[in-house]
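For reference, the structure discussed in these notes is given below.
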Amino acid sequence: MNENTTHYDDLNLAEAKEIQNELRDKINLDPLISPITTIAGADISLNRFSEIIFAGIVILRYSDLQPIAYSMVESKTSFPYVPGFLAFREVPALVQALQQIPVKPDVFMIDGHGIAHPRRMGIAAHFGALTGTVTMGCAKNILFGKWHEPGIQKGDYRPIMNKEEVIGYALRSKFKTNPVFISPGNRMSLNDSLDIAIRCAGNYRLPEPTRRAHEFVNLFRTGKLKEGYHELTPQLLF
DNA sequence: GCGACAG
DNA sequence: ATCTTGTCGC
């Protein structure tokens, strides 16, 4: 009903697939030209069996990867989790969180895949196409495509392939841990997504933007953070 | 037909 | 995704 709100509940999978095919034309994978000053991590958290979802976006300074602000939203979804259609469940809440942010981050790293998806429309590509933002996906598990185990050193990577086409990378973000799966979503190239993920790799398996988003949204779900947009004072918290 | 299958 | 204690390896 609200023209400013995205509604995906009540869609069947055939209709959802049509929307993916339609949104795919808006995806742009040209190399990123503008420099990155801020990068955001986006994630969702929920209680088991609940329709209430907690969405969060954490903005970090790209120079030192320290959190400087966050936006939290509590919402509801009835769209079920179906592999290949994650965006229809999580994107509406993430868009709400985005709308609360006064100065938009330069890049969004979203928990899930970008174009490493059966129809090239993972949640990061979907969110990017819908909002016109620069996005990439960072997933903990593969959804689509073939890949080989990267070397065990931090920074080692191997391509995710669909036939002869590279659609992303399996990246060893930390020494001797399982890789994460990186792919561009919108307005950046395959190489950009890999470079940014490597640059954001810290001392944990999850790159900092995704790790912080996961951390903050869980604090929000458990009542330790308030809903809305908030800025972090220079030497405070964490 | 069978297996795979983001969060 | 979330529920959870111990346990194995570095």
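The chains referred to below are lettered A, B, ... by the order of the sequence lines, with proteins before strands, and numbering in each begins at 1. Because the structure is a prediction, the values reported are computed rather than measured.
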Distance, rounded to the nearest Å, where [X] contributes [atom1] and [N] contributes [atom2]:
X       : N       : atom1 : atom2 : result
I123(A) : dG7(B)  : CD1   : P     : 10 Å
R205(A) : dA6(B)  : CZ    : C1'   : 12 Å
N178(A) : dA6(B)  : CG    : P     : 15 Å
Y8(A)   : dG7(B)  : OH    : P     : 20 Å
L13(A)  : dA6(B)  : CG    : P     : 15 Å
R89(A)  : dA1(C)  : CZ    : C1'   : 8 Å
I152(A) : dC10(C) : CD1   : C1'   : 12 Å
E90(A)  : dA1(C)  : CD    : P     : 9 Å

- [ ] Would you mind checking if K140(A) and D111(A) are paired as a salt bridge, meaning a charged N to carboxylate O distance below 4.0 Å?
- [x] yes
With a 4.0 Å cut-off on heavy atoms, is [X] in touch with a base, just the backbone sugar-phosphate, or nothing at all?
X       : result
S45(A)  : sugar-phosphate
G137(A) : nothing
I53(A)  : nothing
L46(A)  : sugar-phosphate
F175(A) : nothing

Task: Within-4.5 Å side-chain heavy-atom neighbours: L232(A) and I68(A) - done: no
TODO: Decide yes or no for R172(A) and Y157(A): does some side-chain heavy atom of the first lie under 4.5 Å from some side-chain heavy atom of the second?
DONE: no
Please tell me if [X] has a side-chain N or O lying less than 4.0 Å from either OP1 or OP2 of [N].
X       : N      : answer
K140(A) : dG7(B) : yes
N141(A) : dA4(B) : no
N47(A)  : dA1(C) : no
R48(A)  : dT4(C) : no
H214(A) : dA1(C) : yes

Task: Pairs involving residues 39-67 of chain A, ordered by first then second residue, that meet salt bridge (Lys or Arg N to Asp or Glu O under 4.0 Å) (sequence neighbours left out) - done: R61(A)-D64(A)
Once rounded to the nearest 0.5 Å, what's the spacing between atom [atom1] of [X] and atom [atom2] of [Y]?
X       : Y       : atom1 : atom2 : result
I39(A)  : L65(A)  : CD1   : CG    : 7.5 Å
D106(A) : R187(A) : CG    : CZ    : 9.5 Å
Y8(A)   : F79(A)  : OH    : CZ    : 10.0 Å
E165(A) : M161(A) : CD    : CE    : 8.0 Å

- [ ] Side chain of K176(A) only, please: which of dC5(B), dC10(C), dG7(B) is the nearest?
- [x] dC10(C)
TODO: Report the nucleotide, chosen from dG7(B), dA6(B), dC5(B), that has the shortest atom-to-atom distance to any side-chain atom of D43(A).
DONE: dG7(B)
Open item on the list: Centroid distance below 5.5 Å plus an interplanar angle below 30 degrees: do Y81(A) and dA1(C) meet both conditions?
Closed with: no
- [ ] Decide if atom CG of N12(A) counts as having more than 12 heavy atoms of other residues, nucleotides or ligands within a radius under 6.0 Å.
- [x] yes
Open item on the list: Both atom distances under 3.5 Å, Watson-Crick or G-U wobble: I'd like the secondary structure of DNA chain B as a dot-bracket string, with | for pairs made across strands.
Closed with: .......
Open item on the list: If only side-chain N and O atoms count, and only distance matters, is there a donor-acceptor pair under 3.5 Å linking T135(A) with T133(A)?
Closed with: no
- [ ] Using only heavy-atom distances, determine whether the side chains of N21(A) and R119(A) contain a donor-acceptor pair under 3.5 Å.
- [x] no
TODO: Tell me which residues in residues 185-204 of chain A put a heavy atom below 4.0 Å from DNA chain C, sorted by number, or none.
DONE: none
